[in-house]
Amino acid sequence: MLPIADSFEHDYQGCEIRYGRGRVADLGDALAERDIGDALVVCGSNVGANDDLMDPIREGLGDRFAGVFDGTTPDKRVEEAFDLLAARAEAGADCLVAVGGGSSLDVARQATLLDVDGRDLADLRADAEAGGDALGDLAPGVDPEIPFVAIPTTFAGADLSTGGSLEVLAADASPTGQPLTVSGGGAMPAIDLADPALFETTPRSALAGSAMNGFNKGIETPYAADASPVSDATALHGTRLLRDALPHVAGDRPADLAATDRAVIGALLVQLGRKISVIHAFGHGFARRYDVQQGAVHAVVAPHVLAYLFDEIDASRRALANGLGVATAGRDDAAIAEDVVSEVAAVRDSLRVPSRLRDLDPVEEDDFPAIAEYIADDWSMDRAPEALDATPEAIAGVLREAW
């Protein structure tokens, strides 16, 4: 087992990653170093009611704590971001501290872009009703003025990112019959605070739901069209750490503090230079049709998508084998591919997540042709391996295998 550091800092695209148990106690000092004043904590209602998590954050901020906005939801509606900006103005806060999973982190990040975009809620809805293209991006070419800090407490891998879409029109109000969203490529968080002790305040069910989403970021990067030895290195080491640690942290094996430390570092590593593509396209395709948790979709489809890729192309199977502990010396490509798929399925099966599409309540087999069209057209497929011809018909076949 490779050693890991107890604590470290790393600059990534202008974001200072601060990792270590108890690092939340230094949060106020970290803001002071950047001349950032009071902070409004951003979270969902469940996180806001979790005193084991919130008390250390309040104490870490000290006199820079300006209050809590606990109005984010998994729906990530644009109204939540506007409500957040109003709460920030009322509190007189200088920055946002987003705590929890991808929903809170995405809402806070995109709120900093709404702040400089210039459009209000009515403008965005009018643009959405005029057609999805009219929405465009939030604040293109404009840097946010409100700094924000990310404090992840799940393994979704949404902290080291500039993305995250907000729903402007729900499917039943949309002219296309699908949810219409808006997003922009804003600045990275000023600080990404990764404190394993905070992850341990999150229920295992929530960690399991996020685990495959983060795990798949490491799996996808090596076979992406624009992968490099540098992105391979962080992705494969992160995958190695997550493979061993997630069953203890979010699965059915005994809890282990050291495993939490390794899982948090693994979740950081798979985000550095991440290159999401085919598996995430499947998740996005289902999101366009149903209100379904992305981690659940990722859990079901990942082994099946990998099996499909290996049937069609090489898909960096030997690199993935290295990250998953699969022997390669003297073995043929087919055997290696089979074991890689089995290892991914084993991680999935150790978690409390579904393993079949039929186990996801809103999903209907008759919808597969439409979902396959969405997947084939998803922006994530731009990074699919160049030799892959991912037709809607082939994708529908993968969905049937996962049914």
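The model shown is predicted, which means the values in this text are computed figures rather than measured ones. Side-chain atoms are counted along with the backbone in the values below, which use heavy atoms only and exclude waters and symmetry mates.
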Report the relative orientation of the aromatic rings in H10 and Y12; use parallel for angles under 30°, tilted for 30 to 60°, perpendicular for over 60°. parallel

Check this for me, if you would: do D232 and K275 make a salt bridge, where the nitrogen-to-carboxylate-oxygen distance has to be below 4.0 angstrom? no

Indicate yes or no: does D6 engage R21 in a salt bridge with an N to O separation below 4.0 Å. no

If you define the side chain from C-beta out and look only at heavy atoms, does anything of L268 sit under 4.5 Å from F8? yes

Hey, does L160 have a side-chain heavy atom less than 4.5 Å from the side chain of C15? yes

Nearest 0.5 Å, please: how far is OG1 in T391 from CD in E373? 9.5 Å

salt_bridge(R18, D195) N-O dist < 4.0 Å: no

What pair of heavy atoms forms the shortest contact from W379 to I276, and how long is it? CH2-CD1, 3.6 Å

Test side-chain contact (heavy atoms from CB on, under 4.5 Å) on R109 and F148 and set out the steps. CA-CA 7 Å; R109 179 184 296 112; F148 83 100; 3.7 Å; yes

CG of L180 to CG of L124: how many Å apart, nearest 0.5 Å? 11.5 Å

Residue pairs fulfilling salt bridge (charged side-chain N to carboxylate O under 4.0 Å, His left out) with at least one residue in residues 166-179, sequence neighbours excluded: R77-E167

Determine whether L114 and L166 satisfy the following criterion, side-chain contact (heavy atoms from CB on, under 4.5 Å), listing intermediate values before the conclusion. CA-CA 10 Å; L114 277 175; L166 303 177; 4.1 Å; yes

Within the distance-only criterion (no hydrogens, no angle test), does the side chain of D339 pair as donor or acceptor with the backbone N or O of I336 below 3.5 angstrom? no

Check for a donor-acceptor pair, side chain of Q110 on one end and backbone N or O of G164 on the other, with a separation under 3.5 Å. yes

Under the 3.5 angstrom rule, does the side chain of Q178 hit a backbone N or O of R288 as a donor-acceptor pair? no

Please give me the minimum heavy-atom distance between G273 and T221, naming the atom from each residue. O-CG2, 4.1 Å

Got E79 and L121 here, is their nearest side-chain heavy-atom distance under 4.5 Å? yes

Could you grab the distance from atom NE2 of H280 to atom NZ of K217, nearest 0.5 Å is fine? 3.5 Å

Heavy atoms of H304 and E401 approach each other most closely as CE1-O, 3.3 Å

Heavy-atom count check: over 12 atoms from other residues, nucleotides or ligands less than 6.0 Å from E365 CD? yes

Residue pair V398 / F282, side-chain heavy-atom distance below 4.5 Å: yes

With distance as the sole test, does E364 use its side chain to make a donor-acceptor pair with the main-chain N or O of D366 at under 3.5 Å? no

Has the side chain of R262 got a donor or acceptor atom that lies under 3.5 Å from a matching backbone atom of L241? no

If you count the non-hydrogen atoms of other residues, nucleotides and ligands that lie under 6.0 Å from CG in N46, is the total more than 12? no

Under a 4.0 Å N-O cut-off, is there an ion pair linking R317 with E338? no

Of the non-hydrogen atoms in V278 and A384, which two are nearest, and what is the gap between them? CG2-CB, 3.8 Å

Would you say E80 and S103 make side-chain contact, with heavy atoms under 4.5 Å? no

Check: H248 side chain, A255 main-chain N or O, donor-acceptor pair, under 3.5 Å: no

What distance separates E200 CD from T153 OG1, expressed to the nearest 0.5 Å? 12.0 Å

Do V301 and Y308 pass the side-chain contact (heavy atoms from CB on, under 4.5 Å) test, and can you show the C-alpha distance, the side-chain angles, and the key distance before you say yes or no? CA-CA 10 Å; V301 304; Y308 160 65; over 6 Å; no

What closest approach, in Å, do D291 and P362 show between heavy atoms, and which atom pair accounts for it? O-CG, 4.2 Å

Okay, side chain of R383, backbone of E220: is any donor-acceptor separation there less than 3.5 Å? no

When you compare the side chain of I57 with that of L53, does any pair of heavy atoms fall below 4.5 Å? yes

ring-ring contact (aromatic ring centres under 6.0 Å, His included) against F368, all qualifying residues, sequence neighbours excluded: W403

Distance-only, no hydrogens or angles: does the D38 side chain make a donor-acceptor pair with backbone N or O of A93 under 3.5 Å? no

Output yes when a side-chain donor or acceptor of N216 lies under 3.5 Å from a complementary backbone atom of I279, and no otherwise. no

Considering non-hydrogen atoms only, spot the tightest contact between E386 and A225 and give its length. CG-CB, 4.2 Å

Assess, by modelled atom type and distance only, whether the side chains of R253 and S350 contain a donor and an acceptor separated by less than 3.5 Å. no

Quick one: OG1 on T260 to CZ on F155, what's the gap to the nearest 0.5 Å? 6.5 Å

Would you say L31 and C95 make side-chain contact, with heavy atoms under 4.5 Å? yes

Counting heavy atoms not belonging to D314, are there more than 12 under 6.0 Å from its CG? yes

Do side-chain atoms of R64 reach the backbone of A39 as a donor and acceptor pair under 3.5 angstrom? no

Does the pair E9/R23 count as a salt bridge with the N-to-O cut at 4.0 Å? yes

What I'd like to find out is whether the side chain of L351 reaches to under 4.5 Å of the side chain of R204, using heavy atoms alone. no

Any Lys/Arg nitrogen of R119 or D127 sitting under 4.0 Å from an Asp/Glu carboxylate oxygen of the other? yes

Starting at CG of L324, measure out to OG1 of T239 and round the result to the nearest 0.5 Å. 6.5 Å

Other residues, nucleotides, ligands: >12 heavy atoms within 6.0 Å of E33 CD: yes

Pair D261, Y19 - check side-chain contact (heavy atoms from CB on, under 4.5 Å), show working. CA-CA 9 Å; D261 296 345; Y19 165 84; 3.3 Å; yes

